[in-house]
Amino acid sequence: MPISIKEPLALNELGKRSNNEDSISPPKGQAGVNDRLFLVCDGVGGSNKGEVASKITCESISEYIANQTGGQADIAESTVHDALKFAEQRMVKHMEEQPNSQGMATTLTFLYLNDNHAIVGWVGDSRVYQIRDGAVVERTKDHSYVQELIDAGHITEEEAAIHSQRNVILRAVTGVNPAQADTLVIRDVRAGDYFFLCTDGILEGISDDQLTAALSKSGAQDDFNRQFTKELNKLCSKRSRDNYSMYLVQIDAVEGALAADDYEANKDLYDTPIHEGDLEDSLAAEMDSGGHDFDEVAQREEEYASANYVATPPPSVDEDERMSIKEKRKKNIQEKNKKGLEEPKPSKVKSDDKPDDKKKGGGMARIILGAFVLAALLGLGAFLFTGGDSNAGGGPATIDDPVLSDFVNHMSEGREMLVKEDYKAATASFRSASRLSKAPKDSIKVARDFTKYASNLQKGSKYANEGNFNMAIDYFQKALEIHDDEDIRATLQGLKIEKEDAMSAASEDGKKN
């Protein structure tokens with residue numbers, strides 16, 4: 001078979017439920033490198049016999065595909081729909097024989113690997129991802145109530161994650177009413193790609209960003225994938241309230257198709273041995289900002305339901321102070337637009353590259369400089385500032401180790417982007433530094449902290465520009481918890497005042513109407 005895969009890995013866990021309504025195919029622990037078909041189904045909670053619906057669907061579709069292909073031949077896109085009809089017939093027959101199972105339903109995700117392309121199908125809010133080099137290439141679109149609200153522009157992805165009706169799905173496999181499956185033919189499949197099928201229990205504590213960051217090693221070994229699955233299981237056992245199930249399928253090689261040249265060029269970097277605990281630290285760092293503990297979720301659900309996610313009102317200030325804060329924020333925005341991108345981008349780290357405390361972002365520049373000092377204490381020495389000569393006078397740094405050189409330059413670029421308030425670029429630079437696995441572990445941890453900081457500022461700025469003050473305030477507050485910067489604190493205070501003004505204006509309009 002031209003497309004070959006690494007060892008498929010699965011989770012199918014009870015979680016914090018008393019009954020496991022999830023089903024997968026092949027069953028957990030039975031998948032091998034010669035398998036082509038992978039299924040993950042989530043029996044609809046609250047309906048009768050959800051576990052029966054998911055089991056019948058998995059077993060029936062697997063049986064139908066095996067009868068059609070012998071398990072080793074290509075299939076057409078229409079075969080997905082034919083297999084689903086076969087499963088629905090089995091469900092109807094079961095309900096006739098077992099009347100107490102009337103009303104059972106399940107979601108469905110389907111992956112089949114043909115010789116030179118993949119076929120994906122889905123019904124409901126279980127998902128299939130195609131991930132390459134830390135980026136989502138394809139992701140199925142949920143058939144859910146909150147997805148409809150997102151599409152209509154009524155709520156954001158972040159608000160959907162805590163919406164009180166986030167578990168309401170608009171499509172399911174029931175057997176009674178024919179299910180409408182969406183299908184996708186993926187012809188761009190490359191060595192190193194991951195296909196990740198999962199139920200919403202997996203997604204309770206993991207965002208797309210955390211998932212893709214954790215699966216960013218395009219040449220990952222089987223040991224890495226097994227360790228990833230183990231640590232993901234630990235995280236979901238803590239964060240998920242539902243059953244949680246997934247299949248992780250990594251493409252090993254694609255004969256005669258696009259190859260992952262990046263893997264061969266960086267084989268030594270990608271194929272770094274995985275040690276027990278290393279991946280747990282990595283996953284925890286990547287996922288901490290995306291996970292929600294149960295108390296936080298419950299609190300935010302209540303806030304959202306009662307007041308459309310209204311945060312705590314800002315402290316009262318007099319009118320002169322209010323205008324001063326708003327004018328300062330307006331002036332900062334004008335200055336950024338006027339000269340934000342005029343400052344040249346440094347190609348090297350220089351010994352006289354000192355932060356200007358008068359510049360916006362100067363506080364963050366100081367702490368970035370502190371990260372470089374930390375790296376020096378860990379063995380990078382005077383390379384970061386003098387090119388290896390403690391008496392040098394300030395020429396370009398010359399770091400012999402390319403990994404350490406990349407680390408320093410990524411961190412320097414991130415600092416510059418923070419000064420310019422280009423938080424998206426800053427996040428990308430810090431994230432690149434954090435992924436250099438051969439850099440000192442403590443330095444990587446510092447880079448991850450900066451990644452979270454810049455990411456929170458990026459999201460906060462996005463929502464501020466959209467006028468969504470609640471979400472903007474939330475993310476700027478998270479940034480301040482990582483690093484207390486005077487300019488960011490002033491921005492946060494300004495946002496709270498603007499929110500208060502908007503609420504007052506809305507209240508006045510309501511009285512007039």
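Contact annotation: the side chain of T109 never approaches that of V123 to less than 4.5 Å [non-hydrogen atoms, C-beta and beyond]. In this structure the side chain of K141 reaches within 4.5 angstrom of the side chain of D151, judged on heavy atoms. By the 4.5 Å heavy-atom criterion applied to side chains, N456 and Y423 are not counted as neighbours. By the 4.5 Å heavy-atom criterion applied to side chains, L111 and Y247 are not counted as neighbours. Counting heavy atoms from C-beta outward, E158 and D474 have side chains that stay 4.5 Å or more apart. Side-chain contact between R489 and L492 is absent, with no heavy atoms from C-beta onward closer than 4.5 Å. The shortest distance between side-chain heavy atoms of M246 and L248 falls below 4.5 Å. Using a 4.5 Å heavy-atom threshold, the side chains of H163 and I155 count as touching.
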message: What verdict does the side chain to side chain contact (heavy atoms under 4.5 Å, CB included) test give for E498 and F469, after you've listed the backbone C-alpha separation in whole Å, the side-chain angles of each residue and the deciding distance to 0.1 Å?
response: CA-CA 8 Å; E498 288 186 48; F469 299 121; 3.7 Å; yes
- prompt: Under the salt bridge (Lys or Arg N to Asp or Glu O under 4.0 Å) criterion, do K16 and D242 qualify, and how do the steps go?
  reply: CA-CA 6 Å; K16 293 181 171 64; D242 199 357; over 6 Å; no
field: I131 and L211: CA distance, side-chain angles, deciding distance, side chain to side chain contact (heavy atoms under 4.5 Å, CB included) verdict
entry: CA-CA 9 Å; I131 298 170; L211 175 64; 4.0 Å; yes
message: Using the rule given for side chain to side chain contact (heavy atoms under 4.5 Å, CB included), can you reason through E204 versus R239, listing the C-alpha separation, both sets of side-chain angles and the distance that settles it, and then say yes or no?
response: CA-CA 7 Å; E204 277 192 354; R239 294 177 175 171; 5.9 Å; no
message: Under the criterion side chain to side chain contact (heavy atoms under 4.5 Å, CB included), I'd like the reasoning laid out for L184 against W122: C-alpha separation, chi angles, the key distance, then a yes or no.
response: CA-CA 9 Å; L184 182 65; W122 71 100; 4.2 Å; yes
message: As a quick check of understanding, evaluate salt bridge (Lys or Arg N to Asp or Glu O under 4.0 Å) for E231 and K234, giving each step before the final call.
response: CA-CA 5 Å; E231 302 304 340; K234 287 182 182 179; 3.6 Å; yes
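For the pair T106 (side chain) and D42 (backbone), a donor-acceptor distance under 3.5 Å is present. Remark: side-chain polar atoms of S216 are not paired, donor with acceptor, to backbone N or O of D133 under 3.5 angstrom. Looking only at distances, a side-chain donor or acceptor of T212 sits under 3.5 Å from a matching main-chain atom of D209. Using a distance-only test at 3.5 Å, with no hydrogens or angles considered, a donor-acceptor pair links the side chain of S434 to the main chain of R431. Without hydrogens or angle criteria, R132 side chain to Y194 main chain gives no donor-acceptor distance under 3.5 Å.
Atoms CD and CG, from Q210 and L235 in turn, are 10.5 Å apart once rounded to the nearest 0.5 Å. The distance from atom CG of L108 to atom OG of S126, rounded to the nearest 0.5 Å, is 8.0 Å. In this structure, K230 NZ and R226 CZ are separated by 11.5 Å, a value rounded to the nearest 0.5 Å. A distance of 9.5 Å separates NE2 of H483 from CG of L457, quoted to the nearest 0.5 Å. For the atom pair CD (E13) and OG1 (T199), the distance works out to 10.0 Å, reported to the nearest 0.5 Å. Atoms CD and OG, on E416 and S429 in that order, are 9.0 Å from each other to the nearest 0.5 Å.
The nearest pair of heavy atoms linking F228 to A214 is CE1-CB, 3.9 Å. For the pair T427 and S455, the tightest heavy-atom approach, listed with the atom from each and the gap, is OG1-N, 3.2 Å. Of all heavy-atom pairs spanning Y129 and C198, the tightest one is CE1-SG, 4.1 Å. In terms of heavy-atom proximity, I202 sits nearest to L232 at CD1-CD2, 4.4 Å. Closest non-hydrogen pair, T229 versus A10, comes out as CG2-O, 4.1 Å. For L495 against A464, the heavy-atom pair with the smallest separation is CD2-CB, 3.7 Å.
Note on ring orientation: taking the six-membered ring where Trp is involved, the planes of F450 and F430 are tilted (angle from 30° to 60°).
A search for salt bridge (charged side-chain N to carboxylate O under 4.0 Å, His left out) contacts involving D208 returns R127, R139, not counting sequence neighbours. Partners of D200 according to the salt bridge (charged side-chain N to carboxylate O under 4.0 Å, His left out) rule, which considers only residues two or more places apart in sequence or in another chain, do not exist here. Residues passing the salt bridge (charged side-chain N to carboxylate O under 4.0 Å, His left out) test with E466 are K462, sequence neighbours excluded.
Residues N225 and Q250 bring a donor and an acceptor atom of their side chains to less than 3.5 Å of each other. With 3.5 Å as the limit, one finds no donor-acceptor pair spanning the side chains of N167 and Y145. Side-chain contact of N12 with S245: a donor-acceptor pair under 3.5 Å is present, judged by distance alone. Using modelled atom types, one finds a donor on one side chain and an acceptor on the other under 3.5 Å when comparing Q130 with D193. Using a 3.5 Å distance cut-off with no hydrogens or angles, the side chains of N470 and Y463 do not pair a donor with an acceptor. Under 3.5 Å, the side chains of H143 and D182 contain a donor-acceptor pair of N or O atoms.
Using a 4.0 Å cut-off between a side-chain N of Lys or Arg and a carboxylate O of Asp or Glu, D188 and R190 qualify as a salt bridge.
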